[in-house]
Amino acid sequence: MATPEAPRALPEVRLRDLQLTVSPVELVARVVMFERREVTRRSDGSRRPLVSGLLSDGTASVRFTWWDPPREGIERGVVLRAVGAEVREFRGRPEVTFTWRTRVGPASPAELPRVDGEDIPFRSVKDLVAPSEGFRLEVRVVRVAPRPVTVGEERRIVYEGLVADRTGAIALSSWSDFGLASGEAVRLAGAYVRSFRGRAQLVLDDRASVLRIEGTDLPDPAELLRSAPVPIARVEDNGGGEAVAVEGLVVGLLPPSGLVYRCPTCQRSVKNGLCRIHGQVEGQPDLRARIVLDDGTGALTVNAGRPDTERLGGLTLEEARRRLREQPDPSWIEAEILERLLGSRLRVRGSGTRDDFGVTITPESIERVEVDLEATAEELAVRLGEDRR
Ligand SMILES: [Zn+2]
């Protein structure tokens, strides 16, 4: 990539101030994500390479397209200066295009526009969708803990947890040590939101700033973790969420439930002695239950691990293995857990993610709620009836 020459007199703009009427422009921004593609020219059928993706300068994120990009030098996180970028409209929003007339070269993060904290709008947690940045946020740290991770060859510590305001909670992932502690209230600037395994996640890196505040309007973490259950339909509409609480009746179990075998290395379930990642392995027996919970507004799946399955299903793994000697077909285990659980009312808290099959909750707690048996039987009959229709 060539370093841009002395700039012509172009307006250097912040991405938040991009206007369709002012073009070309000069800008400095970071590549948040990108992909390389080729399009076929209609005229002669030849292939033309392009890179498209998302740029951000801390004030906003915009889509970009780079025609005939260089083979090297484009990486996630790299800061670029583009002189002579065209501003176009894409689905009602400005986006930038680098053409043969645009000079694009590397820049230093120090050249990113200075973002005055007072300038950046405040957002609520419920309005954070991925990808986004260029906002300030006041939140309570509900919990945070360091976790070692390997990034390429490098060992790093990421601080993971959960933050919340009155409107909701979001997973936190901080790549810098801001000394965050559970319970404190903070004002964040320079953070961004990305989608990770289907969940929105608030990411802090060394560009972010953290200011301790009093946070008198922010929820108390204990209160947040004990919040009242919400309708399952709302959890579905939200695509899951953090610190979700729901309550409903058990209407079934999904496979695989009961006795499963797990890879000793990655804990994935093993099929016919094969782990999807590690190949032929000696599967370790485990108990689990994928519980279908219905509250009349909707249904979701709760992935119960061994301790919850043993407690709720009334059967320990040890006992199951002992009885397998007399009843070698393990299908009785799932049947027995289902019989014990069907029609029970459970209150479940945890984090939820949504995929094509609906919402799945990874529980932090599952409690059985005592109920009026007759009313429950009736309610259950109605639900099951609806399912068969
Ligand atoms: Zn494995």
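Numbers for residues simply follow the sequence, beginning at 1. Indexing begins at 1, ligand by ligand and atom by atom, following the structure's order.
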Separation of L50 CG from D68 CG (nearest 0.5 Å):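 One gets 8.5 Å once the value is rounded to the nearest 0.5 Å.
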S56 and R30: side-chain donor and acceptor closer than 3.5 Å?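 Their side chains do not contain a donor-acceptor pair, so the 3.5 Å distance test is not met.
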Where do R143 and E364 land on the salt bridge (Lys or Arg N to Asp or Glu O under 4.0 Å) test, with the steps shown first? CA-CA 13 Å; R143 58 165 183 262; E364 280 170 14; 3.0 Å; yes
Examine distances only and state if a side-chain atom of S257 and a backbone atom of A289 form a donor-acceptor pair shorter than 3.5 Å. no
Any heavy-atom pair between the side chains of L172 and Q201 that's under 4.5 Å? no
Determine the interplanar angle of the W66 and F98 rings, folded into 0 to 90°, and report it as parallel if under 30°, tilted if 30 to 60°, perpendicular if over 60°.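 W66 vs F98 ring planes: perpendicular.
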Which of the protein's N, O or S atoms come within less than 2.8 Å of the Zn ion (ligand 1), not counting waters?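 As for protein N, O or S atoms lying under 2.8 Å from the Zn ion (ligand 1), they are C263 SG, C266 SG, C275 SG, H278 ND1.
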